[in-house]
Amino acid sequence: MIRPAVLLPLLLALAGCPPKAPPPELPLGPIDPAALLERAATEAAPGPSAATFDLRVELPEQHVSAQGVVIVAPPDRFRIEVRGPIGPAQVVVVSDGTRLTTWLAGKNQVYVADQADATLSAYTGGEAGLEALASLLLGRLPALGTPDLLRREGVPEFRWTGPGQSHVDATLDPRTAHLVALALADEAGAALLDARVQGREWPEELVAVLPQQRITATLEFDEWKPAAPPDTAFVLAPPPGSEVKPLLFKRPVGDALPEAASPAPPTPEP
């Protein structure tokens, strides 16, 4: 098991093989939205990849700066560790493709959403769950259904609709067919996430706004490298003495998904 406070094992997991060759760019000129979308949908997902980053978080009452490391294993597993200038990780977020777990070291609290993928997918009729978050970290378009085209002038914007007014909007770079922006709205039409990505082949900067929480997070990435993480990198066992709480998501009106089950009591590490 990987202890949540340790960054070094993830960095040591970086493989020595060269990065995957970048995809050829789409030619500049008039943009064919259908061809752009097909390019994004058919591009092979990268292998497990990792990068360090600088983080700025803007909260209603304060601004916080930190550093961290992210490792993503497509399609839907990822691990994010955030630490201050000195010392071990203070925040760890882990997805195993179904469950989302967050550990706050300062309070030694663990929040668990056992049905995170299903609950997030419910906002958009099954279109966007944890896979969408993992794809966003890599600057790629997640696997979605058939969208509507919102505009044809400039860079095309695509929309996938769900129940009520829920939707996912995506804007693609016409040169690479990678993500430029991704936005999610719930069944009432209220914004859940508004994210912007900069970088050609790999994300160099990611700005994510959570309007309902009034939080803006800006991640500036260093070089992305291939990684070889064990499966245990995407599992977070509660540390000894931690307080375990269910992580509950606001659900759309009419959504019949059950609440996340209460997690089991903490189990001591071997």
Side-chain angles (χ1 to χ4, degrees), residues 1-15 48-57 59 61-120 129-131 133-134 137 208 210 213 215 217 219 221-222 225 227-251 257-270:
M1 180 184 69
I2 292 183
R3 293 178 181 273
V6 178
L7 283 170
L8 186 58
L10 292 182
L11 296 177
L12 293 178
L14 298 179
S49 305
T52 56
F53 60 83
D54 291 326
L55 171 68
R56 298 192 307 276
V57 180
L59 304 166
E61 303 296 333
Q62 62 178 326
H63 292 183
V64 178
S65 296
Q67 295 80 42
V69 61
V70 58
I71 185 165
V72 184
D76 50 18
R77 298 188 300 167
F78 57 85
R79 183 185 184 99
I80 303 171
E81 297 192 5
V82 178
R83 59 180 172 79
I86 300 176
Q90 295 301 303
V91 179
V92 181
V93 181
V94 173
S95 164
D96 64 3
T98 300
R99 172 185 297 184
L100 188 68
T101 307
T102 300
W103 178 60
L104 306 179
K107 298 181 178 180
N108 200 16
Q109 293 177 336
V110 177
Y111 291 85
V112 180
D114 286 323
Q115 302 178 57
D117 186 63
T119 305
L120 291 173
L130 292 174
E131 181 176 353
L133 298 183
L137 290 169
L210 303 175
Q213 289 76 28
I215 297 175
L219 292 81
F221 298 99
D222 294 319
K225 298 180 180 180
D231 290 339
T232 50
F234 308 106
V235 178
L236 180 61
S242 61
E243 180 183 8
V244 182
K245 299 182 177 182
L247 175 61
L248 303 179
F249 296 94
K250 173 188 172 184
R251 293 180 296 159
L257 284 175
E259 300 283 1
S262 299
T267 54
E269 297 183 71

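Computed from a predicted model, the values in this text were never measured in an experiment.
Rounding to the nearest 0.5 Å places CG of D54 at 6.5 Å from CG of D222. Atom-to-atom distance recorded for L137:CG and R79:CZ is 14.0 Å, nearest 0.5 angstrom. Here the CH2-CG distance, from W103 to L236, works out to 8.0 Å after rounding to the nearest 0.5 Å. Atom CD1 of I80 sits about 9.5 Å away from atom CG of L55, to the nearest 0.5 Å. In this structure, OH on Y111 lies 6.0 Å from CG on L104, to the nearest 0.5 angstrom. Here L219 contributes atom CG and Q67 contributes atom CD; the two are 11.5 Å apart, rounded to the nearest 0.5 Å.
Scanning both residues, F221 and A51, for their nearest heavy atoms gives CD2-CB, 4.3 Å. Nearest heavy atoms, D76 versus A134: CA-CB, 3.9 Å. The two residues A50 and A227 make their nearest non-hydrogen contact at CB-CB, 4.1 Å. Shown here for L130 and S95, the closest heavy-atom pair between the two residues is CD1-OG, 3.4 Å. Between A73 and F234 the shortest heavy-atom distance is CB-CZ, 3.7 Å. The two residues P240 and N108 have their closest heavy-atom pair at O-ND2, 3.5 Å.
Put simply, the side chain of D117 never gets that close to the backbone of G129: no donor and acceptor are under 3.5 Å apart.
Residue pairs that meet the salt bridge (Lys or Arg N to Asp or Glu O under 4.0 Å) test with at least one member in residues 97-108, sequence neighbours left out, are R99-D114.
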V92 vs T102, side-chain contact (heavy atoms from CB on, under 4.5 Å): CA-CA, chis, key distance, verdict: CA-CA 6 Å; V92 181; T102 300; over 6 Å; no
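Salt bridge annotation for R83-E81: absent, with no cationic side-chain nitrogen under 4.0 angstrom from a carboxylate oxygen.
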